[in-house]
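Both counts, for ligands and for their atoms, begin at 1 and track the order of listing. Since we're looking at a predicted model, the values are computed, not measured.
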Amino acid sequence: MSVRVRFAPSPTGQVHIGNIRAAIFNWLFARHHGGKFLLRIEDTDRERSTPEAVQGVLDAMAWLGLSTDEAPVYQSSMRAAHVAAAEDLVRRGAAYREDKGGTGKGEAILFRMPAEDVEFQDDVKGQLKKAAKDVKDFVIVRSDGSPVFHLGNVVDDIQMGVTHVIRGDDHVENTFRHVALYRALGATVPKFAHLPMIVNAQGKPYSKRDGAAYVGDFREKGFLPEALFNYLALLGWSPGDEREVLTVDEMVAAFTLERVHPSPAQVDQAKLMWMNGEHLRRRPLGERVAGCKADLQANGIWRDGMDEAYLARVVDAMAERVKLYTDMSVQAGFFFNDDFAYDPKLVEKRLRKPVDMEAGLGALHAAWAALPEFSEAALEESLKALAVARGANPAEFIHASRVAVSGMGVGPGLYVMLVVLGRERVLARLGRAKNLCARTDAAAPGSAGGNG
Ligand code: GLU
């Protein structure tokens with residue numbers, strides 16, 4: 001049997017990560033089995049389905065690389081088939097007409113639930129069963145002639161030859177009705193796999209109140225599609241080994257429904273951020289340089305004519321720290337702007353107390369001006385020797401020189417940073433910072449304004 005699966009979103013708003021996660025799982029399943037991945041737009045809710053929302057689905061899928069194998073099916077165009085199926089069920093006694101509530105508005109068509117219990121095997125949740133008395137007859141065509149979700153969903157899946165229905169947990173209850181409909185329509189019941197709910201830290205369904213929830217939010221914040229894809233694939237699935245950062249090909253190779261977990265999957269934004277950094281680092285340097293440059297430009301830090309080779313060295317030095325391109329302007333502005341601001345708290349802590357670093361920075365300035373080679377090893381050796389000679393802990397000199405050249409307390413490795421900045425900049429900055437040490441007034445130069 002060749003696999004045919006589909007993503008069947010109702011385009012009524014922005015694309016929630018829970019919805020696109022279903023698309024990702026279907027896509028991975030289809031690619032793993034060499035089957036077909038289809039798209040059905042469930043746009044029968046005329047008031048809520050909008051062309052913009054449809055476009056939103058298509059854009060999100062294109063961005064994440066969720067390629068389809070056939071033209072999308074618009075459910076609204078299938079209405080005649082839905083109604084015909086309902087009439088066929090009426091003819092065969094599996095459905096009946098009723099003036100629901102006796103309103104005189106016309107007759108609805110109701111599906112007659114069979115007398116037997118309904119059972120199906122869910123590939124994630126196991127064998128599921130519902131007693132006959134717990135599933136009542138239900139409307140399949142409203143009195144205004146419009147088919148109901150259950151009917152359209154099942155008739156379309158039959159029509160599209162869907163072999164596996166992989167969708168969110170919220171549809172489990174519907175599936176008991178759907179299974180009965182398949183049987184009544186004389187169709188093969190597909191396999192079902194219901195994906196675990198995506199929840200927040202409190203175990204409640206994850207919504208936009210919990211943070212970014214729509215694909216577009218993540219895209220706007222600068223997340224990479226491969227990182228969001230990877231992260232969402234792990235919400236409910238694991239490759240069965242220790243790997244967490246995977247390429248699409250690796251996920252395709254490893255994807256099976258057996259490794260989809262039934263328990264709810266918790267969103268962890270910090271982990272997604274980490275994963276984005278991992279994927280970012282896997283992109284070629286040239287591409288990262290372009291991404292970082294765009295962010296620096298957008299923030300007025302990069303100006304035309306600046307040194308591109310220097311930028312590439314900065315990007316490389318920042319590789320471990322940059323998780324989003326937008327981190328660049330926040331964390332690396334000082335590389336490009338000599339007039340960066342010093343964090344006043346750090347000036348106090350690292351340059352003034354408990355030790356006054358004025359003389360120390362002066363000594364570093366002299367030593368580093370005289371170094372035959374401005375290399376990481378030479379800088380480290382000289383800093384340590386100098387600290388020891390002055391009876392100080394080298395850590396004090398390490399912290400002080402970091403603050404002196406960057407204004408910040410965190411950043412790339414100190415010696416890498418110094419080499420990238422280059423001797424001239426470093427010496428100038430040590431000289432400037434030296435003037436901050438003794439001063440206790442708040443108006444120290446550079447303590448307000450500027451970038452960095
Ligand atoms: N339109 C439904 C949804 O978005 C379809 C569910 C399905 O069968 O995949 O939840």
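In this structure, the side chain to side chain donor-acceptor pair (under 3.5 Å) partners of Asp338, at least two apart in sequence or on a different chain, are Arg429.
Here the options are Ile166, Asp169, Val260, Val172, the test is side chain to side chain contact (heavy atoms under 4.5 Å, CB included), and the partner is Val124; only Val260 passes.
Looking only at side-chain heavy atoms (C-beta outward), Val420 and Asp316 stay at 4.5 Å or farther from each other. In this structure, the side chains of Val5 and Leu38 stay at 4.5 Å or more apart for every pair of heavy atoms. Using a 4.5 Å cut-off on side-chain heavy atoms (C-beta onward), Tyr74 and Val54 make contact.
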Can you pull every nitrogen or oxygen pair between ligand 1 and the protein closer than 3.5 angstrom?
unit_1   : atom_1 : unit_2 : atom_2 : d
ligand 1 : 1 (N)  : Ala8   : O      : 2.8
ligand 1 : 1 (N)  : Ser10  : OG     : 2.7
ligand 1 : 1 (N)  : Glu42  : OE1    : 2.6
ligand 1 : 4 (O)  : Ala8   : O      : 3.4
ligand 1 : 8 (O)  : Arg6   : NH2    : 2.7
ligand 1 : 8 (O)  : Asn153 : ND2    : 3.0
ligand 1 : 8 (O)  : Arg167 : NH1    : 2.8
ligand 1 : 9 (O)  : Arg6   : NH1    : 2.7
ligand 1 : 9 (O)  : Arg6   : NH2    : 3.4
ligand 1 : 10 (O) : His171 : NE2    : 2.7

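When ring centroids are compared, Phe176 and Phe120 come within the 6.0 Å threshold.
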